[in-house]
2 protein chains.
Amino acid sequence: MKDIKPRSACPLSYGLDFIGDKWSLLIIRDMALNNKSTYGEFLNSEEQIATNILADRLGMLEAYGFVTKQVAADKKSKFLYRLTEKGISLVPVIIEIGLWGSVYNPPGLNTQLLSALQQDKEGTIRRIQENLRRHE
Amino acid sequence: MKDIKPRSACPLSYGLDFIGDKWSLLIIRDMALNNKSTYGEFLNSEEQIATNILADRLGMLEAYGFVTKQVAADKKSKFLYRLTEKGISLVPVIIEIGLWGSVYNPPGLNTQLLSALQQDKEGTIRRIQENLRRHE
DNA sequence: AATTTCACTTGCGAATTGCAAGTGAACAAA
DNA sequence: TTTGTTCACTTGCAATTCGCAAGTGAAATT
């Protein structure tokens, strides 16, 4: 994996050095909100990521500790990707971009989740993160 | 400006279609948090964006209504970029990425702002946004 | 033994990025 | 009035990244 060199000390810039692209956060979304965990499941997402890009991003996310990779219990050729605490801590980021998108793009966010976030943003985010920590 | 076509109905994906790159949010950061407003000021930022990329991103941000462009009062060859409401509503996004970065990258965020956010995140974000609306 | 599933890898053209130099209008100084 | 400077870009080109399509290889299934 080619290494990422921070462009500045700014924490926003630092974050963008890792997740400043069109795909990384979608993979994390799939793990955080859609209960997906395998290469095949990520490939099936609506946005149609290319196979090489997916492999590249999963490699980056693993190399930098956003996710872990383990062999599946049922099949030795299948791998399960799970968010680490570092990955879980990006949940507020994907939620805020999603909330922005649900305002500026009519069709939208899972209605259930959207209304939960509107009722109690902090609590909803916390509950999502706690669920992920139970790696459920 | 080449047009952006949404990859899916997902609001996160929709947001990333616009701001899913390494530069757009840094420009918005400069306007939202660093009180910058001109091409020259954006160029001087620590991350050293290339002139053509900056011009391209400013064009995109203007074309899609994140910022407005007006001639400066003092010089006719100088332009002032200002965040619109659509741009201001990205403040929570840059704050969340910044908070993430300040945890996973030691040197960091403006200490003043960081501690304000730790004390009262919602209030601090709201105050930043209100200040921007007064286009101060 | 043959096929299918799963997770990738490879090759290659197209698009994007990034460096360096150039352009042109407005204003300032000589 | 010419000359230089500031400001905001544009242009050309090499290098990197993206994205499509096809291929590979190990493991499981038929």
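Basis for what follows: all heavy atoms, side chains included, without hydrogens, waters or symmetry-related copies. Every chain is numbered from 1, with letters handed out A, B, ... down the list of sequences.
When the side chains of ILVMFWY residues are joined at heavy-atom separations under 4.5 Å, either directly or via intervening members, A:Leu90 and B:Ile125 end up in a single hydrophobic cluster.
Protein atom CD1 of A:Ile27 is 14 Å distant from nucleotide atom C1' of C:dC8, rounded to whole Å. When rounded to the nearest whole Å, the span between CG of B:Asp74 and P of C:dC27 equals 9 Å. The distance between atom CG of B:Leu58 and atom P of D:dC9, rounded to the nearest whole Å, is 7 Å. Per the geometry, OH belonging to A:Tyr39 stands 7 Å off P belonging to C:dC8, to the nearest Å. Atom P of nucleotide D:dT16 and atom CD1 of A:Ile4 are separated by 16 Å, given to the nearest angstrom. At whole-Å resolution of the value, CE in B:Met60 and C1' in C:dT17 are 15 Å apart. Here the C1' atom of nucleotide D:dC20 and the CG atom of A:Asp56 are 16 Å apart, to the nearest Å. Rounded to an integer number of Å, the gap from B:Lys75 NZ to D:dC9 P is 14 Å.
Looking at B:Ser77, its side chain has no donor and acceptor atom pair within 3.5 Å of the base of D:dT6.
Looking at which nucleotide of DNA chain D each of B:Thr51 and A:Ile53 is closest to, the 5′-most match is held by B:Thr51. Position along DNA chain C of the nearest nucleotide to A:Asn52 versus A:Lys78 favours A:Lys78 as the more 5'-ward residue.
Residue-level contact check: B:Tyr81 touches the backbone only, with heavy atoms under 4.0 Å from sugar-phosphate atoms and none from bases. Using a 4.0 Å heavy-atom criterion, one finds that B:Lys69 contacts the sugar-phosphate atoms exclusively. Looking at heavy-atom distances under 4.0 Å, A:Lys2 makes contact with sugar-phosphate atoms alone, never a base.
Under 4.0 angstrom from either OP1 or OP2 of C:dT17 there lies at least one side-chain N or O belonging to B:Arg57. Contact annotation: A:Trp23 does not reach the phosphate of D:dC18 (side-chain N/O to OP1 or OP2, under 4.0 Å).
Taking the six-membered ring for Trp and thresholds of 30 and 60 degrees, B:Phe18 and B:Tyr64 have ring planes more than 60 degrees apart, a perpendicular arrangement.
Cation-pi check for A:Lys86 over A:Phe66 is met; the charged atom lies under 6.0 angstrom from the ring centroid and within 45 degrees of its normal. Both tests pass for A:Lys69 against the ring of A:Phe79: distance under 6.0 Å to the centre and angle within 45° of the axis.
Using a cut-off of 4.0 Å between Lys/Arg side-chain N and Asp/Glu carboxylate O, B:Lys22 and A:Asp21 are scored as not salt-bridged.
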